[in-house]
Amino acid sequence: MARYDAIGRTYTATRRTDPRVAARIWGALGDARTVVNVGAGTGSYEPPDREVTAVEPSAVMIAQRPPGAAPAVQASAEALPFADASFDAAMAVLTLHHWDDWRTGCAELRRVARERVVVLSWDPRFRRRFWLGPEYFDHLIDEDVDPFPSLDEQVAALDGRVEVVPVPWDCEDGFFSAFWRRPEAYLDPAVRAGISTLANRTDAELADGLARLRADIDSGAWARRHADLLECDELDLGYRLIVG
């Protein structure tokens with residue numbers, strides 16, 4: 001809660017629903033009519049045609065939910081204030097890695113869902129397959145990824161199957177890897193403020209990497225090194241939909 005009370009104040013500026021990612025999540029929900037969205041933040045990816053209850057620990061994030069958004073309960077994933085089997089489905093989007101006890105959170109998702117659990121998460125084996133970390137912030141990225149549970153652990157905890165969710169080149173949701181074909185976006189402080197891995201770092205910690213990135217963009221070195229990416233419309237960067 002404290003983390004997003006501090007870094008989530010401008011979250012809605014760059015973090016919003018991408019319709020292609022949303023289609024995958026909503027499709028996985030199947031015919032569920034009642035859905036609890038855990039770690040709901042400002043409401044991205046909440047299906048508009050279902051009865052949604054949001055759960056979010058940060059008051060700062062809840063305050064940014066738009067008018068007409070689903071009602072939000074201030075609580076943590078590890079202690080959902082609902083009876084067993086209260087909802088047809090439980091969903092969680094790019095939040096599991098922020099939970100204090102992710103295993104307990106996964107158990108809670110399964111406890112309150114009658115039919116299915118849908119979690120958009122990430123496979124940490126992809127930590128070096130996206131250029132931003134290895135080329136510009138190597139040690140910082142490793143520090144953030146080290147505590148991340150393996151995909152196999154996540155799947156086991158949710159008793160689920162896995163679907164690959166590629167990231168479109170023009171992704172509308174500004175999560176960490178969203179700008180893989182738009183490197184200049186990472187120079188924007190507003191973009192970085194919406195990415196917890198970068199928002200948690202001081203200006204001094206990021207200064208060298210940002211300076212090198214700016215120089216590589218200006219000189220054309222980045223474009224030459226990643227000419228293959230400029231030909232891609234979407235890319236597998238480790239984002240996975242786990243459907244339990």
Side-chain angles (χ1 to χ4, degrees), residues 3-4 6-24 41-42 44-45 64 93-95 97-98 120-148 150-151 164-241:
R3 179 185 304 117
Y4 272 91
I7 70 173
R9 297 184 184 280
T10 59
Y11 203 73
T12 54
T14 60
R15 299 300 301 270
R16 56 184 68 92
T17 299
D18 181 272
R20 293 149 294 189
V21 176
R24 300 292 301 276
T42 58
S44 294
Y45 300 104
Q64 295 178 75
V93 177
L94 298 178
T95 179
H97 57 295
H98 292 304
L120 180 62
S121 191
W122 182 70
D123 182 350
R125 288 175 292 193
F126 279 71
R127 69 198 309 173
R128 296 191 173 278
R129 300 194 198 180
F130 173 44
W131 54 264
L132 183 64
E135 294 178 21
Y136 300 101
F137 303 109
D138 197 17
H139 65 295
L140 301 184
I141 301 303
D142 280 347
E143 288 174 10
D144 275 4
V145 170
D146 281 341
F148 208 103
S150 72
L151 181 63
V164 174
V165 181
V167 182
W169 79 269
D170 56 349
C171 186
E172 295 179 24
D173 186 358
F175 50 78
F176 180 73
S177 304
F179 305 99
W180 56 269
R181 213 179 90 173
R182 296 170 287 168
E184 64 283 351
Y186 294 104
L187 301 176
D188 184 344
V191 168
R192 299 197 302 273
I195 299 172
S196 61
T197 298
L198 302 177
N200 283 323
R201 300 296 180 171
T202 66
D203 291 344
E205 289 176 303
L206 299 177
D208 177 68
L210 291 175
R212 288 187 289 110
L213 176 58
R214 184 182 298 277
D216 284 354
I217 293 172
D218 290 346
S219 70
W222 185 93
R224 290 190 294 272
R225 190 160 63 245
H226 296 293
D228 57 326
L229 296 183
L230 300 177
E231 302 299 320
C232 297
D233 291 329
E234 62 180 23
L235 199 63
D236 179 8
L237 291 169
Y239 293 89
R240 298 293 183 264
L241 199 61

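Just so you know, these numbers use all the heavy atoms, side chains as well, and skip hydrogens, waters and symmetry mates. Position 1 is the first residue of the sequence; numbering continues from there.
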Do [X] and [Y] sit within salt-bridge range, that is, some charged N less than 4.0 Å from a carboxylate O?
X	Y	answer
Arg212	Asp208	yes
Arg16	Asp173	no
Arg225	Asp216	yes

Original post:
Taking C-beta and beyond as the side chain, do Leu213 and Pro183 meet within less than 4.5 Å on heavy atoms?
Top reply: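 Heavy-atom side-chain distance check passes, below 4.5 Å.
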
Original post:
Is Leu210 close to Arg214 at the side-chain level, that is, under 4.5 Å between some pair of heavy atoms?
Top reply: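 No, too far: nothing below the 4.5 Å cut-off.
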
In terms of the angle between their ring planes, are [X] and [Y] parallel, tilted or perpendicular, with boundaries placed at 30° and 60°?
X	Y	result
Trp131	Trp222	perpendicular
Tyr186	Phe130	tilted
Trp122	Tyr239	tilted

Looking at [X] and [Y], would you say the former's side chain and the latter's main chain have a donor-acceptor pair under 3.5 Å?
X	Y	result
Arg224	Ser219	yes
Arg24	Val165	no
Tyr45	Pro19	no
Trp180	Val167	yes
Arg201	Leu140	yes
Glu135	Leu132	no

Original post:
Would Glu172 and Val21 satisfy side-chain contact (heavy atoms from CB on, under 4.5 Å), going step by step from the backbone distance to the final call?
Top reply: CA-CA 9 Å; Glu172 295 179 24; Val21 176; over 6 Å; no

Rounded to the nearest 0.5 Å, what's the gap from [atom1] on [X] to [atom2] on [Y]? Could you check?
X	Y	atom1	atom2	answer
Cys171	Leu235	SG	CG	12.0 Å
Ser121	Phe148	OG	CZ	4.0 Å
Arg15	Leu94	CZ	CG	6.5 Å
Ile195	Thr14	CD1	OG1	7.0 Å
Arg240	Asp123	CZ	CG	6.0 Å
Arg20	Glu234	CZ	CD	9.0 Å

**OP:** Return yes when atom CG of Asp203 has more than 12 non-hydrogen atoms of other residues, nucleotides or ligands closer than 6.0 Å, and no otherwise.
**Re:**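 For Asp203, atom CG is not crowded (no more than 12 foreign heavy atoms under 6.0 Å).
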
**OP:** For the pair Phe126 and Asp236, evaluate side-chain contact (heavy atoms from CB on, under 4.5 Å) and give the outcome as yes or no after the intermediate values.
**Re:** CA-CA 9 Å; Phe126 279 71; Asp236 179 8; 3.8 Å; yes

Original post:
Going through the checks in order, is the side-chain contact (heavy atoms from CB on, under 4.5 Å) test met by Leu206 and Arg192?
Top reply: CA-CA 10 Å; Leu206 299 177; Arg192 299 197 302 273; 4.1 Å; yes

**OP:** Quick one: closest heavy-atom pair of Leu151 and Pro124, and the distance?
**Re:**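 Nearest heavy atoms, Leu151 then Pro124: N-CD, 4.1 Å.
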
Subject >> Closest contact, heavy atoms only, Arg125 versus Arg129 >> reply: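 The pair with the smallest heavy-atom distance is O-NE, 3.8 Å.
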
**OP:** Evaluate the side-chain contact (heavy atoms from CB on, under 4.5 Å) criterion for residues Leu120 and Thr95: first the C-alpha distance (whole Å), next the side-chain angles of each, then the deciding distance (0.1 Å), finally the verdict.
**Re:** CA-CA 8 Å; Leu120 180 62; Thr95 179; over 6 Å; no

**OP:** Give a yes/no verdict on a cation-pi contact between Arg182 and Phe179, requiring under 6.0 Å between NZ or CZ and the six-membered ring centre and an angle within 45° of the axis.
**Re:**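 No.
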
